[in-house]
Amino acid sequence: MKEHKLIVIVGPTAVGKTAVAIQVAEHLGTEIISADSRQIYRELTIGTAKPDEAELKRVPHHFIDSHSIKEDYDAASYGRDALSLIHRLFEQHKFLVLCGGSGLYVKAVLEGFDEIPDVPDEIREHLTKNFEQHGIVWLQEQMCALDPEHFAALDQQNPHRLMRALEVKIGTGQSIASFRKQAKLQHPFEVIKIGLELPREELYSRIDARMDQMVAAGLFDEATQLYAYRHHNALQTVGYQEIFDYMDGKYDREEAVRLLKRNSRRYAKRQLTWFKRDEETLWMNPGNIQAILNLIN
RNA sequence: GGUGAUGUAGCUCAGUUGGUAGAGCAAAGGACUGAAAAUCCUUGUGUCGGGGGUUCGAUUCCCUCCAUCACCA
């Protein structure tokens, strides 16, 4: 029996993760490590459904407002940063809560990534530029020429995957496949994974209602102020891109709101697909706090 | 009450010179190890309003009923 326990709370957007995590953390007298790839940015507030001030006061949170949209941050960096924080916090706490909807971020903490040497930024810039100019065919040709074996195995229509594979091949001289060891991190603490789930219809009406609330709270104003940063990675985000396109005159405000809701629903579906694959996750209704607490004790 | 139009997928509609039907939107399922709220792949879900007639065969033609809409009273 390991002495420390990490309570991991995952689930789709708008299912009620924040409220559950706070109640669990309060009950255990501990802190919350957020695993949300957008709530880390201090410039994004309304559109990311961050915990509000009162909630942040009730329980100490980490990785909320910890970064700026002007910085580049990614899942691997998060995984390293979060894990070292977890080790530190376990010196004071028996329990910790890790809560968030970014599946890859959670995976970065729990399983880790294979070690792949850093590659210079210029390589990715070069690839991105050529992709923009010549399209995906150019990436496919490069990949086919440089690493035909892995090219055959990967998702050939996916520009991000092609660019990642190419930057590793160019930067290290080795195929990205050669770094894949499939080794998972071993932790000195116990992990309890809880997935929060609601009937699909209920989840979707919650998403729609929350989008209306965000719009009423000034989401369009927030996005307008961030327009200049719209090409930053942090703003490749549901809730902002739709408004930038509206500002560009691609459609009217009503259509923007419709797309905000639709894209949030689709995002929730993708999250569910990701989290459902993990057979260790225990699925619970977010309204049943008592059952959730029983799982932990 | 009269005249006309419409009734096909969850929605808006197309179509079948008679051989049981297809687009857009919405939706569903999936992949995913360094951009992950990203990126990518797959999928048409249907008593063609009800009933009857003609026909080898009707969603299509004819009759009738129902519903909706418009206009006239």
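Every chain is numbered from 1, with letters handed out A, B, ... down the list of sequences.
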Short side-chain N/O contact from A:Lys269 to OP1 or OP2 of B:rA28, under 4.0 Å: no
Sugar-phosphate only, base, or nothing, as touched by A:Arg161 at under 4.0 Å among non-hydrogen atoms: base
A:Lys276 side-chain N/O to B:rG30 phosphate OP1/OP2 under 4.0 Å: no
Distance in angstrom units between A:Met163 CE and B:rU33 C1', rounded: 17 Å
Those residues that, when tested against A:Arg124, pass salt bridge (Lys or Arg N to Asp or Glu O under 4.0 Å) (two or more places apart): A:Glu167
Touch class at under 4.0 angstrom, heavy-atom based, for A:Thr48 against every strand present: base
Touch class at under 4.0 angstrom, heavy-atom based, for A:Asn263 against every strand present: nothing
A:Asp74 side chain to A:Ser77 side chain, donor-acceptor N/O pair below 3.5 angstrom: yes
Sugar-phosphate, base or nothing in reach of A:Glu111, heavy atoms under 4.0 Å: nothing
Side-chain donor-acceptor contact under 3.5 Å, A:Glu222 with A:Tyr240: yes
Sugar-phosphate only, base, or nothing, as touched by A:Tyr41 at under 4.0 Å among non-hydrogen atoms: nothing
Heavy atoms from other residues, nucleotides or ligands near CG of A:Asp72 exceed 12 (cutoff 6.0 Å): no
Candidate nucleotides B:rG34, B:rA38, B:rA27, ranked by approach to the side chain of A:Arg180 - the nearest: B:rG34
Side-chain N,O (A:Ser102) to OP1/OP2 (B:rA36) below 4.0 Å: no
P gap between B:rA9 and B:rC66, integer Å: 23 Å
Residue-phosphate contact under 4.0 Å: A:Arg266 side-chain N/O, B:rA27 OP1/OP2: yes
Cation-pi check, A:Arg230 onto A:Tyr227 ring (under 6.0 Å, within 45° of axis): yes
Integer-rounded Å distance: B:rA35 C1' and A:Asp121 CG: 12 Å
Cluster link A:Leu104 to A:Val168, ILVMFWY, side chain under 4.5 Å: no
Closest nucleotide among B:rU33, B:rG34, B:rA27 to the A:Asp74 side chain: B:rG34
Any A:Arg124 side-chain nitrogen or oxygen under 4.0 Å from OP1 or OP2 of B:rA35: yes
A:Asp36 bridged to A:Lys17 by N-O distance under 4.0 Å: no
Presence of A:Tyr105 side-chain N/O under 4.0 Å of B:rA36 phosphate oxygens OP1/OP2: yes
A:Arg80 CZ - B:rU33 C1' separation (whole Å): 12 Å
Side chain to side chain contact (heavy atoms under 4.5 Å, CB included) partner of A:Leu6, chosen from A:Leu96, A:Val97, A:Ile192: A:Leu96
Sugar-phosphate, base or nothing in reach of A:Asp72, heavy atoms under 4.0 Å: nothing
B:rU39 and B:rG44, which share atom name C1', separated by this distance in whole Å: 25 Å
Rounded interatomic separation in angstrom, taking CG from A:Asn158 and P from B:rA36: 14 Å
Side-chain heavy atoms of A:Trp274 within contact of A:Lys107, under 4.5 Å: yes
Sugar-phosphate only, base, or nothing, as touched by A:Glu201 at under 4.0 Å among non-hydrogen atoms: nothing
Gap between atoms CZ and C1', on A:Phe113 and B:rA36 respectively (whole Å): 9 Å
Carboxylate-amine/guanidinium contact A:Glu255 A:Arg258, below 4.0 Å: yes
Whole angstrom value for the distance that separates P of B:rA36 from CZ of A:Arg38: 5 Å
Contact under 4.0 Å: A:Arg200 side-chain N or O vs B:rG29 OP1/OP2: yes
side-chain N/O A:Arg164 vs B:rG34 OP1/OP2, d < 4.0 Å: yes
Value in whole Å for how far the P atom of B:rU33 lies from CG of A:Leu104: 7 Å
5′-ward residue of the pair A:Gly101/A:Gln157 relative to RNA chain B: A:Gly101
Contiguous Watson-Crick or G-U pair runs (3 or more, under 3.5 Å) in RNA chain B: B:1-7 with B:66-72, B:10-13 with B:22-25, B:27-31 with B:39-43, B:49-53 with B:61-65
Sugar-phosphate, base or nothing in reach of A:Gly47, heavy atoms under 4.0 Å: base
ring centroid sep under 5.5 Å plus plane angle under 30, A:His160 with B:rA35: yes
A:Thr273, nearest nucleotide to its side chain (from B:rG30, B:rG34, B:rU39): B:rG30
Separation of atom CG in A:Leu166 from atom C1' in B:rG34, rounded to whole Å: 15 Å
Position toward the 5' end of RNA chain B (nearest nucleotide), A:Gln39 or A:Arg262: A:Arg262
Phosphate contact (B:rA36 OP1 or OP2) by A:Arg270 side-chain N/O below 4.0 Å: no
N/O (side chain, A:Tyr73) to phosphate O (OP1/OP2, B:rA38) under 4.0 Å: no
Under 4.0 angstrom between A:Arg258 side-chain N/O and B:rA26 OP1 or OP2: yes
Ring centers of A:Phe63, A:Tyr105 separated by less than 6.0 Å: no
Distance between C1' atoms of B:rG30 and B:rG24 (Å, rounded): 23 Å
B:rG49 to B:rU6 separation - P atoms, rounded to the nearest Å: 13 Å
Side chain A:Asp114 and base B:rG34 donor-acceptor under 3.5 Å: no
C1' gap between B:rC48 and B:rU60, integer Å: 9 Å
Any A:Asn233 side-chain nitrogen or oxygen under 4.0 Å from OP1 or OP2 of B:rA36: yes
